[in-house]
Amino acid sequence: MRRFLAIARTAAIETMSLPLSAILFPVSVLAVHLLPSLQYHRFGAPGRLARETGLSALFVFGLLFAVPAAVRAIGRELETGTAAAVLALGVSRTQYFMARLFGVLTVFALFSVGVFSATLLSSFSCIKASTIFVEHGVVRVWGPAFAFGVAASISAFAGAAFLNRFANRRFCMWTCILAVVFQ
């Protein structure tokens with residue numbers, strides 16, 4: 001079990017350390033916050049577009065994230081010979097494959113939590129804004145929640161840059177982690 005967790009942890013760290021992951025995590029949650037502000041039709045419910053944007057971001061960005069990450073998690077290990085070294089230490093092929101897949105799925109679960117949290121905030125923003133009336137119609141998003149969501153999405157980059165510069169941490173990995181934590 002200890003070997004399984006070590007291989008899964010390594011796979012998760014490698015997956016979050018990819019530059020594509022560092023872009024997709026914050027951009028997906030930023031899209032969830034920005035797109036409902038462009039709505040011109042409520043589709044029957046004030047927060048519906050925000051919820052559908054969150055689900056779409058989970059599918060589209062998740063597909064762009066998970067498939068290449070899963071392919072790279074195994075393919076790169078076979079090319080570099082790292083898999084052969086691990087298999088020579090007594091780890092079965094099935095256990096190795098399942099551990100690598102578990103590591104990638106753990107990162108995808110982290111990604112899903114971030115998108116889900118952003119969707120909740122964005123949906124709340126749209127529902128709260130539907131109760132505010134102005135002279136020229138209905139407000140689309142509630143300003144404070146919208147500003148908090150957008151600032152949280154962008155501040156993941158700033159926080160990761162700060163950690164990279166002053167604490168010598170991995171920029172890409174901490175961008176992914178902070179994008180979820182700030183949501």
Side-chain angles (χ1 to χ4, degrees), residues 8 11-74 100-161 171-183:
I13 289 171
E14 288 175 0
T15 302
M16 284 191 292
S17 296
L18 295 172
L20 180 65
S21 300
I23 293 172
L24 287 180
F25 269 64
V27 167
S28 63
V29 293
L30 184 63
V32 170
H33 290 296
L34 286 179
L35 292 178
S37 68
L38 305 174
Q39 65 183 335
Y40 292 103
H41 191 276
R42 299 214 182 266
F43 299 111
R48 184 172 176 188
L49 183 63
R51 290 187 298 273
E52 289 180 1
T53 301
L55 186 62
S56 297
L58 184 63
F59 287 143
V60 172
F61 289 110
L63 182 67
L64 290 174
F65 163 72
V67 172
V71 168
R72 274 186 247 129
I74 302 295
R100 297 292 291 183
L101 187 62
F102 182 75
V104 172
L105 289 177
T106 302
V107 176
F108 182 72
L110 183 70
F111 173 77
S112 300
V113 167
V115 171
F116 181 71
S117 300
T119 302
L120 287 176
L121 181 61
S122 182
S123 180
F124 171 75
S125 173
C126 292
I127 291 170
K128 178 77 173 170
S130 69
T131 62
I132 301 171
F133 294 100
V134 294
E135 292 180 21
H136 304 291
V138 179
V139 178
R140 291 180 180 82
V141 293
W142 186 49
F146 176 74
F148 178 77
V150 171
S153 302
I154 294 171
S155 62
F157 287 116
F171 175 77
C172 294
M173 185 176 80
W174 281 97
T175 301
C176 296
I177 293 170
L178 292 177
V180 174
V181 170
F182 288 165
Q183 291 303 313

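This one's a predicted model, so the numbers in the text were calculated from it and none came from an experiment. Scope of the values below: all heavy atoms of this structure, side chains included, with no hydrogens, waters or symmetry mates.
- A donor-acceptor contact shorter than 3.5 Å is absent between the side chain of S123 and the backbone of A50.
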Derivation and outcome, side-chain contact (heavy atoms from CB on, under 4.5 Å), residues S153 and H33: CA-CA 9 Å; S153 302; H33 290 296; 3.7 Å; yes
Walk me through whether F65 and F25 qualify under ring-ring contact (aromatic ring centres under 6.0 Å, His included). CA-CA 9 Å; F65 163 72; F25 269 64; 5.5 Å; yes
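- E14 contributes atom CD, which lies 11.5 Å from atom CE of M173 (distance to the nearest 0.5 angstrom).
- Atom-to-atom distance recorded for S28:OG and I23:CD1 is 12.0 Å, nearest 0.5 angstrom.
- Side-chain atoms of S17 come within 3.5 Å of backbone atoms of I13 as a donor-acceptor pair (strictly under, hydrogens ignored).
- Judged purely by atom type and a 3.5 angstrom limit, T175 uses its side chain to pair as donor or acceptor with the backbone of F171.
- From M16, atom CE reaches atom CD1 of I177 across 4.5 Å, with rounding to the nearest 0.5 Å.
- By the 30° and 60° cut-offs, the orientation of the rings of F124 relative to W142 is perpendicular.
- For the pair L58 and S112, the minimum side-chain heavy-atom distance is below 4.5 Å.
- Looking at heavy atoms from C-beta onward, L178 lies out of side-chain contact with F157 at the 4.5 angstrom threshold.
- For F116, the CZ atom is loosely surrounded, since the number of other residues' heavy atoms within 6.0 Å does not exceed 12.
- Under the 3.5 Å distance criterion, the side-chain polar atoms of S117 are matched with a main-chain donor or acceptor of V113.
- Annotation: side chain of V150 is in contact with side chain of L30 (closest heavy-atom distance under 4.5 Å).
- Looking at V180 and F111, their side chains never come closer than 4.5 Å, going by heavy atoms from C-beta outward.
- A distance of 9.5 Å separates CD1 in I127 from OG in S122, rounded to the nearest 0.5 Å.
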Going through the distances and angles, do L121 and F146 end up as a side-chain contact (heavy atoms from CB on, under 4.5 Å)? CA-CA 8 Å; L121 181 61; F146 176 74; over 6 Å; no
